[in-house]
Amino acid sequence: MKDLFISAIELGKRLKNRSLTCRQIVDATYQRIDAVDHQVKAFISLMTESAYIQADAVDRLLDAGQELGPLAGVPIAIKDNICTKGYRTTCSSKMLENFVAPYDATVMTKLHQNHLISIGKTNLDEFAMGSSTENSAFFTTRNPWDLERVPGGSSGGSSAAVVCGEAFLSLGSDTGGSIRQPAAFCGIVGIKPSYGRISRYGLVAFASSLDQIGPFTRTVEDAAHILNVICGPDPMDSTSAELPPVDFSTALGKDIKGLRIGVPKEMMGDKIADDVRQAIEQALDVYRSLGAIVEFVDFDMFDYAVSTYYIIAPAEASANLARFDGVRYGYRSESATNLREMYTRSRGEGFGPEVQRRILLGTYVLSSGYYDAYYLRAQKVRTLIKNGFADFFSRYDVMMTPTSPSVAFKVGDHSSDPMAMYLADIATIPANMAGLPGMSIPCGFSRDGLPVGLQILGKAYDELTVLKAGDAYQRVTNFHLKQPSMNQVAS
Amino acid sequence: MSDLSMQDLDHVIKLSHLEISPSRKDMYLKKLQQVLGYMDQLKRLNVDDVKPSSHAINQSTRLREDVVVPQPDLPLELNAPQWEAHSFRVPKILG
């Protein structure tokens, strides 16, 4: 069914004019999953029963002439670190392999209230720690553009599902780039809103001062509409920002003449693959042709941001993951004979190597004798990064960079070298440090035919300008309409 | 490379409540030394007079009324590794 590759907004229109029923769409979505997921491996589990109940409810409401929102009836995939009541929420970890969430995350409640159809839970790097899904305890998701390559991570299942027609939308989480980098690798749109825009209640915590939920979509227009559904303050999350409601769709269709774009020279130098840099240069030409002002600037915080991130994020993770002790839920070792062994063996057997390494790193940088040298220093450098952005945004409306220094790499290429993997996030990490909104949009292809992502960063809480810039680009280019060859077989 | 020693790593393993095999410890030591070595670049920055940031955005603390709201029953037993007499059962603590 070719309707599987249209935008979510277009699908919503077809559902409302009743040229399609919601049940037909859900049927087609699950048939597509049956047809391709043995290759792509985006999903850990499906939510078939509740999806059909929700779909039939949408059809009844539409048949009765009820007015529903623009995304009502649209199938959406959910990263498996977001709690879904009555369904497994595994974080792709042996530790939570059989954990059934007893409550819904706030974003899930908002999706249900707006009649979106949750179809299943997607694969990730264990506890969202990684950039390729290779750290999943279960399997590695494959990139639909080239099944030998990774889809990016940690939200790689969510990005792969949207690009190959297994879902029209998906949710991910972004702690250091885990939405934007897989969006770039898969040639779709991924946005991490400002810290506090979306409730984290029900998102399994990795690094609480950095984590944000956000969507994957095929168009910037879809991104604006799904943000309208999932943003907003929440009494269940004291870090959610108390801000007046925003209609993000007002960013669409706007002129960007005079938009001030700053491009850090450091992110256009020898750290960046040639064909990525060329695609970004061409994208900047498009912005110039639309009347934007593009300037190259000195902004040398990227390397420091990576070091800072790999101190702060593991430190917070080591505290957050202390709750997994085998007592109340999750994996418990069967060989323990006393309480201490139950803790140490459950955690030793339940967590995978990357998670253990980050717990150890986080514990080390917080430990007596090393706290000042590592953790306190990193928190101070975080202030410098925030100050650097404040200065930058006093002169520019948005920052643009490549989303990742390279296109999608091959499965296994970086898995034995942690620093190579960590540097895949060099362009995305700074936004998390300062809580800024960031979006990746497709802006070209490498010589091998792999997608390149353009990252657009904005001031805190200024998603509107980020969306405006992305939408203006998509109205005059067609990179977001390109499909991997595996989709052409189906259409 | 940092000067993280096996003794340091053993201490951190104990603090982290992790049981880790000797072969995996060797691997972790090498990789952690590599990562910590990369972080040494932060020492080049002068941060003497810089205030630390523990949050991305400076937000005021959200307060709300202390009102009791009904809570749905959480079926704790469904996820409990061992459940007995409305309690989580664990191995003996003393002795």
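Here is the naming used below: chain letters follow the sequence lines, and residue numbers restart at 1 for every chain.
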> Is the closest side-chain donor-acceptor distance between B:D8 and B:S5 under 3.5 Å?
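There is such a pair (donor and acceptor under 3.5 Å, judged by atom type) between the side chains of B:D8 and B:S5.
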
> Pick whichever of B:V35, B:L45, B:D73, B:I20 has the most heavy-atom pairs under 4.5 Å with chain A.
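If we count pairs closer than 4.5 Å to chain A, B:L45 comes out on top.
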
> Show the nearest heavy-atom pair for residues A:E354 and A:M129, with the distance to one decimal.
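Scanning both residues completely, I find the closest heavy atoms to be CG-O, 3.7 Å.
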
> Picking from A:G369, A:G348, A:S307, which has the most non-hydrogen pairs under 4.5 angstrom with chain B?
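Top count of heavy-atom pairs under 4.5 Å with chain B: A:S307.
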
> Is it true that the NZ or CZ of A:K94 lies under 6.0 Å from the centre of A:Y331's six-membered ring and within 45 degrees of the ring axis?
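Ring-cation test returns yes.
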
> Sort out for me which of B:S16, B:A80, B:P75, B:S54 touches chain A most, counting heavy-atom pairs under 4.5 Å.
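Ranked by heavy-atom pairs under 4.5 Å with chain A, first place is B:S16.
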
> Parallel, tilted or perpendicular, judged at 30° and 60°: which one describes the rings of A:Y375 and A:Y371?
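Judged by the thresholds at 30° and 60°, the geometry between A:Y375 and A:Y371 is tilted.
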
> Please flag which part of A:S240 lies under 4.5 Å from any non-hydrogen atom of chain B: side chain, backbone, both or neither.
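For A:S240, heavy atoms of backbone and side chain both lie under 4.5 Å from chain B.
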
> Which of residues 312-325 of chain A have a heavy atom under 4.5 Å from any heavy atom of chain B?
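Expected list: none.
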
> Do A:T90 and A:E97 pair up side chain to side chain, a donor and an acceptor below 3.5 Å, judged on atom types alone?
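No, no side-chain donor-acceptor contact under 3.5 Å.
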
> For chain B, find which of A:T239, A:N432, A:V365, A:N387 contributes the most heavy-atom pairs closer than 4.5 angstrom.
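So the answer, after comparing A:T239, A:N432, A:V365, A:N387, is A:T239.
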
> Flag the pair A:F206 / A:F127 as yes when their ring centroid distance falls below 6.0 Å, and as no otherwise.
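That pair fails the under 6.0 Å test.
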
> Go through the side-chain N and O atoms of A:T109 and A:D104 and say whether any donor and acceptor fall under 3.5 Å apart.
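The answer is no; no qualifying pair exists.
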
> Counting only heavy atoms closer than 4.5 Å, note whether A:I385 contacts chain B via side chain, backbone, both or neither.
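For A:I385, no heavy atom lies under 4.5 Å from chain B.
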
> Pick from A:T344, A:L384, A:L339, A:L210: which one has the most heavy-atom pairs with chain B under 4.5 Å?
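Highest number of heavy-atom pairs under 4.5 Å: A:T344.
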
> Could you measure the distance from the OG atom of A:S333 to the CZ atom of A:R347? Nearest 0.5 Å is fine.
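The OG atom of A:S333 sits 13.0 Å away from the CZ atom of A:R347.
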
> Looking at A:N98, A:L376, A:D303, A:T337, which makes the most heavy-atom pairs under 4.5 Å with chain B?
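Top option by heavy-atom pairs under 4.5 Å: A:D303.
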
> For the candidates B:L15, B:L32, B:V90, B:L42, which exhibits the highest count of non-hydrogen atom pairs separated by less than 4.5 Å from chain A?
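Ranked by heavy-atom pairs under 4.5 Å with chain A, first place is B:L42.
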
> Tell me whether A:K85 at atom NZ has more than 12 heavy atoms from other residues, nucleotides or ligands lying less than 6.0 Å away.
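Result for NZ/A:K85: open.
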
> Please look at A:M433 and chain B and tell me whether the side chain, the backbone, both or neither of the residue comes under 4.5 angstrom of a heavy atom of that chain.
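Just the backbone, heavy atoms under 4.5 Å.
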
> What option among A:R340, A:E349, A:M419 has the most heavy-atom pairs under 4.5 Å with chain B?
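Most pairs with chain B among the choices: A:M419.
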
> Select one option (side chain, backbone, both, neither) describing which atoms of A:T308 are under 4.5 Å from chain B's heavy atoms.
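For A:T308, backbone and side chain are both near chain B.
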
> Which atoms of B:Q82 come close to chain A, meaning under 4.5 Å heavy atom to heavy atom: side chain ones, backbone ones, both, or neither?
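Answer is both: backbone and side chain atoms of B:Q82 are under 4.5 Å from chain A.
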
> So, the side chain of B:S87 versus the backbone of B:A85: is there a donor-acceptor pair under 3.5 Å, distance only?
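Indeed, once roles are kept as given, a pair shorter than 3.5 Å links the two residues.
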
> Examine whether an atom of A:L366 lies under 4.5 Å from a heavy atom of chain B, and if so say whether it belongs to the side chain, the backbone or both; otherwise answer neither.
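Neither part.
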
> To the nearest 0.5 angstrom, please state how far the NZ atom of B:K31 sits from the CG atom of B:L29.
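If we round to the nearest 0.5 Å, B:K31:NZ and B:L29:CG are 12.5 Å apart.
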
> Give a yes or no on whether a salt bridge exists between A:R200 and A:D234, defined as a side-chain N under 4.0 angstrom from a carboxylate O.
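Result for this pair is no, no salt bridge flagged.
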
> Over 60° means perpendicular and under 30° means parallel, so classify the ring planes of A:Y374 and A:Y370, tilted if in between.
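A:Y370 vs A:Y374 ring planes: tilted.
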
> Check the angle between the aromatic planes of A:Y310 and A:Y422 and answer parallel, tilted or perpendicular using the 30° and 60° thresholds.
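If you compare the ring of A:Y310 with that of A:Y422, the planes turn out parallel.
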
> Heavy-atom pairs under 4.5 Å with chain B are the metric here; pick the option from A:V306, A:V327, A:I359 that has the most.
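Heavy-atom pair counts peak at A:V327.
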
> Is it the backbone or the side chain of B:D49 that comes under 4.5 Å from a heavy atom of chain A, or both, or neither?
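Nothing of B:D49, per the 4.5 Å heavy-atom cut-off to chain A.
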
> Taking B:H55, B:R89, B:K43 one by one, which has the highest count of heavy-atom pairs under 4.5 Å against chain A?
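The candidate making the most pairs under 4.5 Å is B:H55.
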
